[in-house]
Colleague: 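Just passing along the structure, written as structure tokens.
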Amino acid sequence: MTLKVEGDPGYGSMSAGCRFTGLDDSETVPLLIPDPELRQHTWKPLNKEELEKCAGGPGWKKIRSCLVLAFWVGWVIMLASAIAVIVQTPRMVTPLLLWWQKDPFYRLQLVVDAENGKTSSISRLSKQLPYLKSLGVGVLILEGLLRKDVSLPNLTQIDRGLGTRPQFRQLMTESRKAGLRIMLDLCEMGPFEPVLSNDTEVRSAGSGYMQDSLRYWLEQGVSGFEFCDTDVTSVKTLMEWGVLMREFSSQDDERILMVRQTGVTLPEVTMSNLVNGSLVKMVTKSLIPPSHHPLSAPEVAEAIETNLQMPQEDWPSWTVGGEVPWELQRTILILIMTLPGTPIIKYGDEINPIQDIYVNVSDGNGDATKQSLDELRRPLALFRSLSQSRAREEALHFGSFIFLPFNTTMSSSTFNATATPPLAFLRSWGCVQFLVVFNLGPEPHAVDPEWAQSLPDSGVFVTSTGLDRLGPVSLQSLKLQPHEAIVIKLFHTDNSS
């Protein structure tokens, strides 16, 4: 059968030899003949000999040399850039802290215990030293060891109702074992009157007695003395005492003089010798002014805000000073332990008594109540938490201080003109920041999200007055309970400055 194609006889025509004779017959001539130039070229990998031949050519050698040179030049440039960044970046140099700048001080009033005549107060204190050290206390300031009416020649005599000289020497031995230092409080002692006398002979004799008394206690191992700013009005007296301190000081055991500020400002004599640190090493300042009655929450807040806003060249060591309501005691404790300077905690104010955990609190039936025991343990647990945080966190130890006033930037639903506004400050060291916020009033306060916008929004609770704040926190949703203080460690993110 002949294949017929209509149309141009020259298009698609087939010769007589190109026929289909049937389904079982093969074609005599293929319809399409492949073009040899259109065949796909098959690439084959080079063998070892061909690779060595190509690699040995001058072009490849030049390229390899350029690549190696570029690599080492780039590496040297990156190394030099890293070194330049490290050198030019400001480094946070950890300051060298002396022993009176490290751990909290604990002021203890020694009293005669008539009910426990077998054991003296000094002996009982010796047994408490390891426990005090476990709380984080570094220095003890003993009050009442000498009677206020003692004369200068008898300034080395211990009150017999408190103990004996051998018992005091045992106390010094136990304090060295426990790693505690002991200082004597000589503030407002009657014997200073002859030293301050205008009569030359009386002043000379009184100064001699005073020097001998101080020398005696230094020989016993005390680390220094605390005086009131009104006790020292002569540069000559300070210089004489300073020479005595240096005589008993060593590189690892420096003896110091400490002044308690009783007025709004320090006397010129004390201030001039505090600036260079040659004679007076520490100044103790009251956070709350002395008062005959407990101050109200607004009065406490005003006194604290006044102290925090005052410019401080050298931060003093802080103590509570005036009497505060019991519901604010833990709040003030957090404040003192987080402020710059050395905190001085007084027995009977924030921690009362020394070992609350062992006090037997009983109800009417003689059974210890769990709630009362928890209330007694809580101040101790809070003090231990604060002392541990202060010891390990550089920002709380010697970081910078920025006061953050709230003013009226509080939520309108929780803030009114008569309420006691919260207070806050920031402690910073490098990239580490701690926010301390405390509410002294009886009403809760919610923090306005627009307050302190430059601060990071997220953080984690470090401690609080109730020891019930744990885990992460957002400043946008922070709410302060009445009489509450909290410490937050802030987290920096990419979006925070």
Colleague: Using a strict 4.0 Å threshold on nitrogen-to-oxygen distance, state whether Lys281 and Glu254 make a salt bridge.
Modeller: yes
Colleague: Sub-3.5 Å donor-acceptor pair from the side chain of His445 to the main-chain atoms of Pro421, do we have one?
Modeller: no
Colleague: Considering all heavy atoms of both residues, which atom of Pro472 and which atom of Phe461 are nearest to each other, and what is their separation?
Modeller: O-CE1, 4.2 Å
Colleague: Judged by modelled atom types alone, do Thr173 and Gln170 share a side-chain donor-acceptor pair under 3.5 Å?
Modeller: no
Colleague: Under the side-chain hydrogen bond (donor to acceptor under 3.5 Å, both in side chains) criterion, do Thr319 and Thr284 qualify, and how do the steps go?
Modeller: CA-CA 7 Å; Thr319 188; Thr284 302; over 6 Å; no
Colleague: State plainly whether the residues Glu393 and Lys489 are in salt-bridge range, i.e. N to O under 4.0 Å.
Modeller: yes
Colleague: Is the side chain of Thr331 donor-acceptor paired with the backbone N or O of His483 at a distance under 3.5 Å, no angle test?
Modeller: yes
Colleague: Considering all heavy atoms of both residues, which atom of Arg107 and which atom of Ile344 are nearest to each other, and what is their separation?
Modeller: NH2-CG2, 3.9 Å
Colleague: With a 3.5 Å distance limit and no angle check, can you tell me whether Arg427 reaches the backbone of Gly399 through a side-chain donor-acceptor pair?
Modeller: yes
Colleague: Got a donor-acceptor contact below 3.5 angstrom from the Asn439 side chain to the Glu443 backbone?
Modeller: yes
Colleague: Please list all pairs meeting ring-ring contact (aromatic ring centres under 6.0 Å, His included) that have one or both residues in residues 157-183, counting only residues at least two apart or in different chains.
Modeller: Phe168-Trp217
Colleague: Starting from the C-alpha separation in whole Å, work towards a yes-or-no answer on side chain to side chain contact (heavy atoms under 4.5 Å, CB included) for Leu396 and Thr338.
Modeller: CA-CA 6 Å; Leu396 292 177; Thr338 52; 4.3 Å; yes
Colleague: Is there a side chain to side chain contact (heavy atoms under 4.5 Å, CB included) between Phe383 and Val137 once you walk through the steps?
Modeller: CA-CA 10 Å; Phe383 179 78; Val137 175; 3.9 Å; yes
Colleague: Side-chain donor-acceptor pair under 3.5 Å between Ser249 and Arg246, yes or no?
Modeller: no
Colleague: Will you find, in the side chains of Ser213 and Thr156, an N or O donor that is under 3.5 Å from an N or O acceptor?
Modeller: no
Colleague: Please lay out, stage by stage, how Arg330 and Glu484 fare under the test salt bridge (charged side-chain N to carboxylate O under 4.0 Å, His left out).
Modeller: CA-CA 8 Å; Arg330 288 200 290 268; Glu484 183 184 32; over 6 Å; no
Colleague: Determine the interplanar angle of the Trp241 and Phe227 rings, folded into 0 to 90°, and report it as parallel if under 30°, tilted if 30 to 60°, perpendicular if over 60°.
Modeller: parallel
Colleague: In chain order, what residues pass the side chain to side chain contact (heavy atoms under 4.5 Å, CB included) check against Leu467, with sequence neighbours excluded?
Modeller: Arg378, Ala381, Leu382, Thr463
Colleague: For atom CD of Glu327, is the number of surrounding heavy atoms from other residues, nucleotides or ligands below 6.0 Å larger than 12?
Modeller: yes
Colleague: Under the 3.5 angstrom rule, does the side chain of Gln309 hit a backbone N or O of Thr306 as a donor-acceptor pair?
Modeller: no
Colleague: Please confirm whether the backbone N or O of Ser428 pairs with a side-chain atom of Ser400, one donor and one acceptor, at under 3.5 Å?
Modeller: yes
Colleague: Could you tell me if Ser123 and Ser120 have a donor-acceptor pair between their side chains, going purely by distance under 3.5 Å?
Modeller: yes
Colleague: Can you name the nearest heavy-atom pair linking Ala424 to Phe403, along with the distance?
Modeller: O-CD1, 3.5 Å
Colleague: Answer yes or no: is there a donor N or O on one side and an acceptor on the other, between the side chain of Ser126 and the main chain of Ile122, under 3.5 Å?
Modeller: yes
Colleague: Heavy-atom distance under 4.5 Å between the side chains of Arg260 and Val283, does that happen here?
Modeller: no
Colleague: How about Leu155 and Leu146: do any of their side-chain heavy atoms sit closer than 4.5 Å?
Modeller: yes
Colleague: Carefully, step by step, assess Leu218 and Arg215 under the rule side chain to side chain contact (heavy atoms under 4.5 Å, CB included).
Modeller: CA-CA 5 Å; Leu218 289 172; Arg215 180 181 296 274; 5.6 Å; no
Colleague: Assess whether side-chain hydrogen bond (donor to acceptor under 3.5 Å, both in side chains) is satisfied between Arg124 and Ser121, documenting all intermediate values.
Modeller: CA-CA 5 Å; Arg124 290 197 301 273; Ser121 297; 3.3 Å; yes
Colleague: Could you tell me whether Arg181 and Asp253 make a salt bridge, using a distance below 4.0 angstrom between a side-chain N and a carboxylate O?
Modeller: yes
Colleague: Is Asn307 reaching over with its side chain to a backbone N or O of Ala303, donor-acceptor style, under 3.5 angstrom?
Modeller: yes
Colleague: Looking at Ser474, is its backbone amide N or carbonyl O close enough to the side chain of Asp457 to form a donor-acceptor pair, meaning the two atoms are under 3.5 Å apart?
Modeller: no
Colleague: Between Gln101 (side chain only) and Leu98 (backbone N and O only), is there a donor and an acceptor less than 3.5 Å apart?
Modeller: yes
Colleague: Working to the nearest 0.5 Å, report the span between CG of Asp103 and OG of Ser387.
Modeller: 8.5 Å
Colleague: Please test Ile345 against Met337 for side chain to side chain contact (heavy atoms under 4.5 Å, CB included), starting from the C-alpha separation and ending with a verdict.
Modeller: CA-CA 9 Å; Ile345 310 302; Met337 292 291 289; 4.1 Å; yes
